[in-house]
Amino acid sequence: MVVLGTIALSSCSRPYLFMRTINEEESRYVRFQARYGEGQDGVALKFAHPVALGELEWAHLLDNIIIQEQQKLLALGGTRSAPRPAFGVDEKRYLAKHLAEGFQKARPDEWVVFYLSHPREPGVVEIDSGGFFIDGERLHLIVANYRQPVSMAFIREQIWNDPLRPAGDSFYDVIPQSYQVLQTVRRKDLTQSLLKQVPELSIDYSAQLNDDVNGDGEAVGSSIEDRLRILKRLRDRDLISEEQFRMKQARLLERL
Amino acid sequence: MAQIALQTELPRRASPGGATVLILALVVLEAIVLAAPQESHAIPAWARKYDADCAMCHYPVVPRLNSFGQQFRRAGYRTPSEFNKDQDLTNVGNFLAARVRAQLAYDNTKGTVERSEFRFPDLSLFYSGALTRNFSAWIHASSNNSTSVDFHGHVQGIYGDSDGFVSVRLGQMHMLQQEGVGGFDRPTGISLPPIQALTLTSTSTLVNGTAQAFHFDLRQKGVEVAYVRGAGRLLFQVSNGLNQTGSGTANLGDIDPQKDYLVAYEHILDEIASGFTLFYYKGTNHGTVTPVLTTGTPTSIGNRFDFSRFGFNLSKIFPVGGSGFFEIQGGYIRSHDNNPSAVVNPGQLTGDVQGNAFYVESQQYVTGYELTFFERYSWIDLNAPRPNSTRKDYTIGVVMPIQARLRTTAEYTYTDNRFSGITGHLALLELQANW
């Protein structure tokens with residue numbers, strides 16, 4: 001009775017996760033996700049969606065997501081690797097393209113989730129999964145799984161169906177950069193996972209993009225032409241004033 | 001929610017006082033551990049080495065292995081891509097691990113004093129892993145409630161590739177129980193199935209009676225040769241067998257030329273933890289040794305007899321919608337002791353003792369809450385032709401991983417031993433830490 005009751009409760013009390021595909025391939029996807037049903041306290045989540053950020057801007061934001069391998073217990077003789085961008089070139093290109101597309105179409109109650117997998121060795125895949133949403137002036141990134149090795153298909157399916165569900169403990173720390181704040185929370189409003197905490201990065205994305213435009217170019221690796229395009233989009237969306245636009249445009253043009 | 005489920009699983013047959021203490025302790029423990037901050041740096045050795053969560057090798061909870069973990073163990077603690085490759089030995093943290101199990105026990109056995117106590121059944125250090133292209137080693141130092149420390153370990157050689165290889169293990173080790181599949185793996189709960197952990201035959205104590213000391217939960221000294229191909233493993237073992245203390249290892253070790261033999265075949269049925277094992281064990285038991293095995297060399301052995309065990313174990317896991325998994329598990333062991341002084345019925349010597357034993361267990365893993373419930377029935381007939389020679393054990397429990405390196409378990413067992421005329425209740429609440 002107890003067992004059956006617990007299983008029934010675990011099934012019935014869960015919300016229904018509604019998903020729409022932005023892009024889906026065999027080993028990765030970017031989707032919209034929304035949550036309906038029990039467990040949301042009757043309050044619909046409301047985000048500042050849609051948002052028109054271009055592929056280039058997303059690439060810049062993704063470049064600034066930095067991770068570092070955790071310091072391990074008993075690491076006698078071991079060395080800790082240096083901080084590095086969380087996403088490789090191909091992952092960044094894929095995410096930037098489809099995040100740009102997705103956030104232009106996202107409804108206020110939808111967030112954008114992703115799932116990326118890579119074979120690690122026979123019988124094991126590494127999975128990255130998480131979600132983005134924009135709340136007010138800040139972009140939020142939830143990193144539910146990062147380079148998480150998974151050997152059992154049912155866990156892969158769980159993450160595929162609920163990419164904000166952490167499959168286990170992470171072995172990497174998200175290292176907050178300028179304009180970023182890191183918090184660790186149990187995201188019961190966004191995921192069906194009940195026990196695990198996940199890192200959530202809150203980014204002042206306008207300030208970060210603005211700063212990247214003013215920067216020396218090394219961090220974002222883009223050309224002056226790219227930066228001018230970003231600058232124009234920031235002005236067009238009223239994220240910077242006309243005066244700021246002209247000042248920064250002039251500064252960039254001086255470099256030519 | 002978790003606390004409600006756990007409370008209702010507590011022993012109902014225990015006395016009200018004991019049950020109340022356990023309920024309160026359980027609720028307090030759960031509240032403490034659920035409210036505790038997330039620890040993210042205490043990682044057992046191989047999880048550290050491979051940057052992997054426990055779930056890569058374990059299901060439903062540590063220490064029980066899933067299929068990938070089983071293959072990792074079979075291969076001498078190496079992944080498929082590490083066959084015939086040199087190993088990096090520089091990071092000690094990739095080899096060193098520790099385990100502590102702490103229990104609150106309530107024991108109410110007929111004929112003994114009712115009691116509750118804190119127990120520390122296991123403090124362990126491990127130093128183990130793949131050492132070279134072909135060799136690996138396992139060292140385990142453990143201590144229980146006593147002050148003595150037990151060291152044991154083995155060296156293993158692997159020849160072949162991940163598709164098919166030969167394994168040779170030499171040392172002191174668990175020969176089948178805790179090393180096999182289909183129910184011979186380490187338990188989800190606290191206790192092992194009684195048919196694997198207890199003796200399976202017993203003669204009457206009236207005339208020259210000898211309790212058969214053999215059971216499958218022994219660490220014996222010996223050698224194992226196994227051939228692994230895909231999901232299957234065929235193994236053959238030769239071990240010292242039993243001495244008077246039952247382990248084949250105490251003090252003087254093997255005290256005669258006789259060796260014990262085990263042949264088994266085990267097969268993994270899926271990527272979770274389903275599988276089966278078929279086995280046959282033939283050994284020799286020594287009833288009395290002169291002088292008593294403390295010092296010196298024995299000069300005579302008395303009441304020596306042959307015995308055999310054969311049977312099977314099986315586990316099968318079924319998904320239940322998106323809510324979790326249901327597992328059915330069980331095993332049967334047929335025992336035969338060719339004991340010339342055995343008494344089947346009082347006053348009747350026959351030379352043979354037949355034993356039968358089986359268990360069935362079901363487990364339910366609930367995703368989201370990550371709870372695993374288990375219920376087990378074990379039946380052992382210690383001396384088949386003799387009346388009132390059975391022992392029955394009923395066990396229920398629940399286990400939940402709290403954080404990455406912690407799990408908590410509540411387990412209750414009611415024992416009805418007709419052979420000894422003793423019944424008993426045992427409730428355990430355990431916290432296990434691995435790091």
Side-chain angles (χ1 to χ4, degrees), chain A residues 1-14 69-79 81 119-126 145-158 161-162 165-173 184 186 191-199, chain B residues 1-2 4-5 8-9 34 38-43 45 47-48 50-57 59 66-69 71 79-82 89-94 96-97 162 271-272 319-325 362 364 366-371 373 375 398 400-405 435:
Chain A
M1 287 292 286
V2 173
V3 175
L4 293 175
T6 305
I7 291 176
L9 280 172
S10 70
S11 311
C12 298
S13 62
R14 287 181 184 172
E69 191 179 7
Q70 286 177 352
Q71 182 66 49
K72 295 173 183 173
L73 183 72
L74 297 173
L76 308 174
T79 55
S81 60
R120 177 159 165 175
E121 64 175 286
V124 180
V125 295
E126 278 185 350
N145 295 286
Y146 185 76
R147 301 293 190 259
Q148 185 67 254
V150 175
S151 65
M152 292 183 283
F154 83 89
I155 293 182
R156 289 197 293 275
E157 288 169 14
Q158 280 181 348
N161 294 327
D162 184 4
R165 172 198 289 268
D169 288 275
S170 176
F171 293 80
Y172 295 86
D173 291 326
T184 303
R186 284 197 176 91
T191 180
Q192 297 183 67
S193 178
L194 301 169
L195 300 175
K196 299 238 170 52
Q197 297 173 328
V198 292
Chain B
M1 176 63 207
I4 293 170
T8 53
E9 283 295 313
L34 288 173
Q38 191 88 343
E39 168 60 61
S40 60
H41 297 282
I43 305 165
R48 281 189 287 273
Y50 297 104
D51 286 344
D53 183 72
C54 311
M56 189 166 95
C57 289
Y59 167 89
N66 65 18
S67 296
F68 187 84
Q71 295 286 27
T79 63
S81 63
E82 290 183 310
L89 305 181
T90 56
N91 192 341
V92 175
N94 291 344
L96 185 62
S162 59
E271 64 166 15
I272 306 176
V320 182
S323 301
F325 292 88
S362 72
Q364 304 83 39
V366 184
T367 58
Y369 296 96
E370 300 186 39
L371 289 168
F373 298 91
E375 308 84 28
V398 61
M400 185 179 77
I402 303 161
Q403 296 173 2
R405 267 63 66 187
W435 73 97

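Reckoned from all heavy atoms, side chains included, excluding hydrogens, waters and symmetry mates.
Contact tally against chain A (heavy-atom pairs below 4.5 Å) for Gly324(B), Pro319(B), Ala55(B), Pro80(B): the top residue is Pro80(B). Most heavy-atom pairs under 4.5 Å with chain B, from the set Glu157(A), Arg147(A), Arg120(A): that is Arg120(A).
Heavy atoms only, all atoms of each residue included: Pro149(A) and Met56(B) are closest at CB-SD, 3.5 Å. Listed here is the closest heavy atom pair of Glu271(B) and Met152(A): OE2-C, 3.2 Å. Between Asp53(B) and Phe171(A), the shortest heavy-atom contact is N-CE1, 3.4 Å.
With a threshold of 4.5 angstrom between heavy atoms, Glu69(A) approaches chain B through side-chain atoms but not through N, CA, C or O. Of the atoms belonging to Glu126(A), not a single heavy atom falls under 4.5 Å from chain B. With a threshold of 4.5 angstrom between heavy atoms, Tyr172(A) approaches chain B through side-chain atoms but not through N, CA, C or O.
Rounded to the nearest 0.5 angstrom, Ile155(A) CD1 and Asn66(B) CG are separated by 7.5 Å.
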